[in-house]
> 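Below is the structure I would like to discuss, written out as structure tokens.
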Amino acid sequence: MFRYIVRRLLQGVLTFFGATFVVYCLMFAGGGDPIQALAGEKPVTAQQRAALTEQFHLDDNFFARYLYFLKDFFTGNLKSYTGRDVFENVGSALQLTGKIALIAIIFTIVVGVTLGIVAALRRGGIFDTSSLILTLVVIGIPSIVLAPLAQYLFGIQWKIFPVNYTFEKPFVSLILPGLVLGTLSLATAMRLTRASFFDNLRADYVRTATSKGLTRFRVVGVHVLRNSLIPIITFLGVELGNLMGGAIITEGVFNIPGIGGQLYKAIGLDDGPTVITFVSLLVVIYIVANLVVDLLYAVLDPRIRYE
Amino acid sequence: MSDFETETGSELSTATPGAFFANGTPPSQEVTKVRSATADAWHELRRNGVFWVGLVIALVALVMAVWPSLFTPADPNFCLGSRQMQGPSGAAIFGYDFQGCDVWAHAVYGTRNSLLIGTGAALLSGVLAMLVGMVAGFFGGWVDAIISRIIEVALAVPLILAAIVLMKNLPNNDQNLRLFALIGILGVFGWTTAARVVRSSVISAKQQDYVSAARMLGAGNGRIMWRHIMPNVLAPFLVIITIALGSFIAAEATLSFLGVGLQSPSISWGLDISSARVHMREDATPLIVPSVFLALTVLAFIMLGDAIREAFDPKMR
């Protein structure tokens with residue numbers, strides 16, 4: 001176990017450097033003159049150019065600049081080219097995004113897992129077949145369709161939820177975006193639960209438990225459930241990447257100043273440094289979440305013995 | 001129901017039944033013709049409603065992409081400010097949007113870019129995934145270790161985020177460039193999941209007895225990969241690529257929605273949704289029509305992929 005944790009941590013560090021380096025390379029792949037981009041249409045004097053070159057280490061070589069970028073990223077010292085502090089609102093933005101993600105994940109787990117269990121227990125029945133088709137439909141709906149339509153139907157037509165995020169009703173106005181975000185992974189969670197639950201129902205230990213005389217409720221609720229949840233947890237970690245893509249759209253549509261919403265705004269305003277910083281931030285969150293999930297996996301499933 | 005390995009396993013079990021049933025009493029076998037795995041899958045597929053629905057939608061979308069004027073007489077680029085937000089009429093069944101463009105015609109003509117980018121990216125990522133996954137799975141060892149690390153790094157950068165950063169830097173005026181860049185970026189950053197699938201199928205196929213047998217008979221790496229391992233990889237590969245096609249279409253629409261994908265005068269559902277959203281309080285039709293087109297197309301490919309997976313996987317039945 002210990003060796004596995006160390007190995008996984010080292011792997012995480014490698015992935016972190018690899019991924020941030022990729023993001024950093026992407027940032028420079030387009031080329032262009034960052035100083036001119038900063039100044040917009042205005043001409044830049046030689047003096048200003050020299051000062052800015054100095055300030056942003058533009059004269060150093062590629063790798064040195066990558067290290068500067070990392071250093072600034074971790075010290076929270078990243079200035080956008082316009083001089084605004086990129087990390088100004090990061091704390092509150094993270095909190096907001098965290099709340100939405102929490103609503104989404106609770107929704108996914110409660111509804112998706114429950115539906116999956118019911119479908120697996122009554123496999124081949126009408127509920128199973130119809131929910132399989134229904135979840136397929138849900139998987140097929142992209143966030144840019146779901147978010148505006150939900151906003152239109154629940155916000156404007158039926159007026160059940162606030163149309164946009166407001167400070168006056170911080171919780172109520174986050175429910176709809178959270179549900180939209182949760183719906184995106186709901187269907188996959190349901191199908192995964194169903195498949196894993198069904199596999200476990202056929203396992204030998206279930207037959208043993210049943211022949212011991214345990215009630216059906218205890219067999220399913222304790223024995224099968226615990227073993228079936230392992231893949232769900234892994235899925236939630238991987239799904240976080242998709243959730244973040246969805247969060248950009250959802251937060252943008254509902255006008256929430258979370259990480260995704262600010263990224264959405266920054267893309268619209270063509271604010272390069274902010275885009276890069278938030279993208280890097282999301283990538284880091286993603287890596288850490290995957291690391292935690294993998295470690296959890298090892299704790300939850302003692303069968304997994306790593307060389 | 002015969003199982004997935006029929007193609008390879010059946011010769012063994014029919015040729016030497018005694019080897020499997022050492023007690024000398026082979027179970028009574030029906031004397032039916034053994035179907036190949038592909039024929040078996042097709043037999044399953046034919047009876048699956050989800051497959052047909054997916055296929056029909058995908059074919060309609062394909063025809064719409066190749067020949068959009070078949071579905072609408074209107075020119076999508078002919079927009080008049082005077083018709084702004086006009087309701088449905090005989091000339092335009094879903095009315096006009098804020099720019100005064102025909103909503104239905106715009107949606108119909110948007111199919112081409114969507115399918116073009118989706119298919120292009122799926123092909124590109126498919127070729128990459130097949131090559132990389134095959135090499136990693138087949139050769140194993142340090143080759144696999146390096147490739148697996150690269151896949152991990154690539155997986156840590158979500159597709160949409162990478163595409164946002166790269167597309168931001170492109171010039172706004174060259175629409176062809178943006179289109180090809182979208183195909184390239186989605187393909188190059190979207191291959192990882194498929195590569196993992198290929199790699200794991202290769203690894204499980206590689207351990208089969210018939211692969212050792214082929215090697216013993218003197219078959220080279222190339223022949224083993226092509227003749228003996230490839231057929232096992234093909235089904236899961238096809239499934240993941242079909243589903244990826246759907247998600248690439250969704251990704252293109254998302255990027256265009258964000259303003260970093262295709263840009264006007266290109267026609268894209270993402271662009272239509274994005275501009276209709278602003279005026280949805282007045283009329284939601286311009287929002288709903290491209291949304292339905294997009295959702296149905298993505299859905300069609302996901303349904304196809306799902307049906308194929310079910311057909312090839314006996315455990316799902």
Side-chain angles (χ1 to χ4, degrees), chain A residues 11 14-23 26-32 132-133 136-137 139-149 151-153 156-157 163 195 198-199 238 240-242 244-246 248-249 252-253 263-264 267-268 270 272 275-276 278-280 282-284 286-287 290, chain B residues 49-50 53-54 149-150 152-170 185 189 193 243 246-247 249-251 253-254 256-260 269-270 273-274 276-277 280-281 284 287-288 290-303 306-307 315-316:
Chain A
Q11 218 173 333
L14 192 74
T15 317
F16 169 77
F17 281 107
T20 45
F21 190 66
V22 168
V23 172
L26 293 183
M27 170 161 66
F28 281 90
L132 271 185
I133 293 175
L136 203 59
V137 173
I139 293 177
I141 301 180
S143 50
I144 63 163
V145 172
L146 198 61
L149 280 187
Q151 189 183 32
Y152 176 71
L153 289 178
I156 296 175
Q157 275 306 81
V163 179
F198 189 72
D199 273 351
V238 178
L240 211 70
N242 294 334
M244 287 180 320
I248 302 177
I249 303 294
V253 165
L263 187 53
Y264 177 86
I267 295 167
D270 219 20
V275 172
I276 298 295
F278 278 86
V279 167
S280 314
L282 287 179
V283 169
V284 171
Y286 183 56
I287 295 173
N290 267 304
Chain B
V50 170
V53 175
R149 292 298 90 74
I150 293 176
E152 264 157 34
V153 168
L155 269 178
V157 185
L159 176 66
I160 291 284
L161 297 183
I164 288 172
V165 176
L166 274 176
M167 290 299 294
K168 264 188 68 59
N169 292 326
L170 286 182
I185 291 168
F189 282 89
T193 326
I243 293 176
S247 57
I249 290 177
T254 306
S256 299
F257 177 88
L258 286 172
V260 290
W269 296 326
I273 294 174
S274 155
R277 209 173 68 73
M280 70 179 173
R281 274 170 203 273
L287 172 74
I288 293 169
S291 296
V292 170
F293 269 69
L294 173 61
L296 277 181
T297 316
V298 176
L299 187 62
F301 289 104
I302 289 181
M303 282 171 112
D306 198 65
K315 271 208 311 194
M316 299 278 288

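Lettering of chains follows the sequences in order, A, B, ..., and the numbering in each one begins at 1. All of these numbers come straight from a predicted model, not from anything done at the bench.
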> Which residue is it: B:I273, B:T254, B:V292? I am looking for the one with a side-chain contact (heavy atoms from CB on, under 4.5 Å) to A:V145.
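Testing each of B:I273, B:T254, B:V292 against A:V145, the sole residue satisfying side-chain contact (heavy atoms from CB on, under 4.5 Å) is B:I273.
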> I'd like to know which of A:V137, A:L149, A:I287, A:I141 tops the heavy-atom pair count under 4.5 Å against chain B.
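The option with the most such pairs is A:V137.
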> What's the spacing between A:I139 CD1 and B:S247 OG if we round to 0.5 Å?
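Reported to 0.5 Å precision, the distance equals 11.5 Å.
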> Under a 4.5 Å heavy-atom cut-off, does chain B meet the side chain of A:V279, its backbone, both or neither?
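Both backbone and side chain of A:V279 come within 4.5 Å of chain B.
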> Examine whether an atom of A:V284 lies under 4.5 Å from a heavy atom of chain B, and if so say whether it belongs to the side chain, the backbone or both; otherwise answer neither.
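Interface part for A:V284: neither.
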> Quick one: are B:R281 and A:V163 in side-chain contact, heavy atoms under 4.5 Å?
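Yes, at least one pair of side-chain atoms sits under 4.5 Å.
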> Indicate the atoms forming the closest heavy-atom contact of A:P142 with B:A295, along with that distance.
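Closest approach of A:P142 to B:A295, heavy atoms only: CD-CA, 4.2 Å.
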> Is A:L263 in contact with chain B via its backbone, its side chain, both, or neither, using a 4.5 Å heavy-atom distance?
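Contact with chain B: side chain only.
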> If every non-hydrogen atom of A:G252 is compared with every non-hydrogen atom of B:R277, which pair is closest and at what distance?
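Shortest heavy-atom separation between A:G252 and B:R277 comes out as O-NH2, 4.4 Å.
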> How many angstroms lie between CE in B:M280 and CD1 in A:I156, if you round to the nearest 0.5 Å?
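These two atoms lie 4.0 Å from each other.
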> What closest approach, in Å, do B:L287 and A:P148 show between heavy atoms, and which atom pair accounts for it?
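Here B:L287 and A:P148 meet closest at CD1-CB, 4.0 Å.
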> Under 4.5 Å from any heavy atom of chain A, what part of B:L258 do you find: side chain, backbone, both or neither?
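Contact with chain A is through both the backbone and side chain of B:L258.
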> Would you mind checking which part of B:F293 comes under 4.5 Å of any heavy atom in chain A, side chain (CB onward), backbone (N, CA, C, O), both or neither?
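For B:F293, there is no contact with chain A at all, as no heavy atom is under 4.5 Å.
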> Can you tell me how far the CG atom of B:L161 sits from the CG atom of A:L282, to the nearest 0.5 Å?
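CG of A:L282 is found 5.5 Å from CG of B:L161.
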> Once ring-ring contact (aromatic ring centres under 6.0 Å, His included) is applied, do any residues pair with A:F16, and if so which ones, sequence neighbours excluded?
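Only A:F74 meet the ring-ring contact (aromatic ring centres under 6.0 Å, His included) criterion with A:F16.
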> Quick one: which of B:G259, B:A284, B:G49 has the most heavy-atom pairs under 4.5 Å with chain A, could you say?
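Option with the greatest count: B:A284.
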> Verify side chain to side chain contact (heavy atoms under 4.5 Å, CB included) between B:F257 and A:I248, making sure each step is shown before the conclusion.
CA-CA 11 Å; B:F257 177 88; A:I248 302 177; over 6 Å; no
> Over all heavy atoms of both residues, which pair between B:I302 and A:G140 is shortest? Give the atoms and the distance, please.
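Shortest heavy-atom separation between B:I302 and A:G140 comes out as CD1-CA, 3.9 Å.
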> Applying side-chain hydrogen bond (donor to acceptor under 3.5 Å, both in side chains), name anything that partners B:S256, two or more places apart in sequence or on another chain.
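By the side-chain hydrogen bond (donor to acceptor under 3.5 Å, both in side chains) rule, B:S256 matches B:E252, B:S268.
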> Examine whether an atom of B:L155 lies under 4.5 Å from a heavy atom of chain A, and if so say whether it belongs to the side chain, the backbone or both; otherwise answer neither.
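It is the backbone, since no side chain atom gets that close.
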> Stepwise, does the side chain to side chain contact (heavy atoms under 4.5 Å, CB included) test hold for A:I144 with B:L294?
CA-CA 9 Å; A:I144 63 163; B:L294 173 61; 3.6 Å; yes
> Which heavy atom of A:G18 sits nearest to which heavy atom of B:V153, and what is that distance?
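Nearest heavy atoms, A:G18 then B:V153: C-CG1, 3.4 Å.
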> Applying side chain to side chain contact (heavy atoms under 4.5 Å, CB included), run through A:F278 and B:I164 and close with a yes or a no.
CA-CA 11 Å; A:F278 278 86; B:I164 288 172; over 6 Å; no
> Rounded to the nearest 0.5 Å, what separation is found between the OG atom of B:S291 and the CG atom of A:L146?
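That separation rounds to 10.0 Å.
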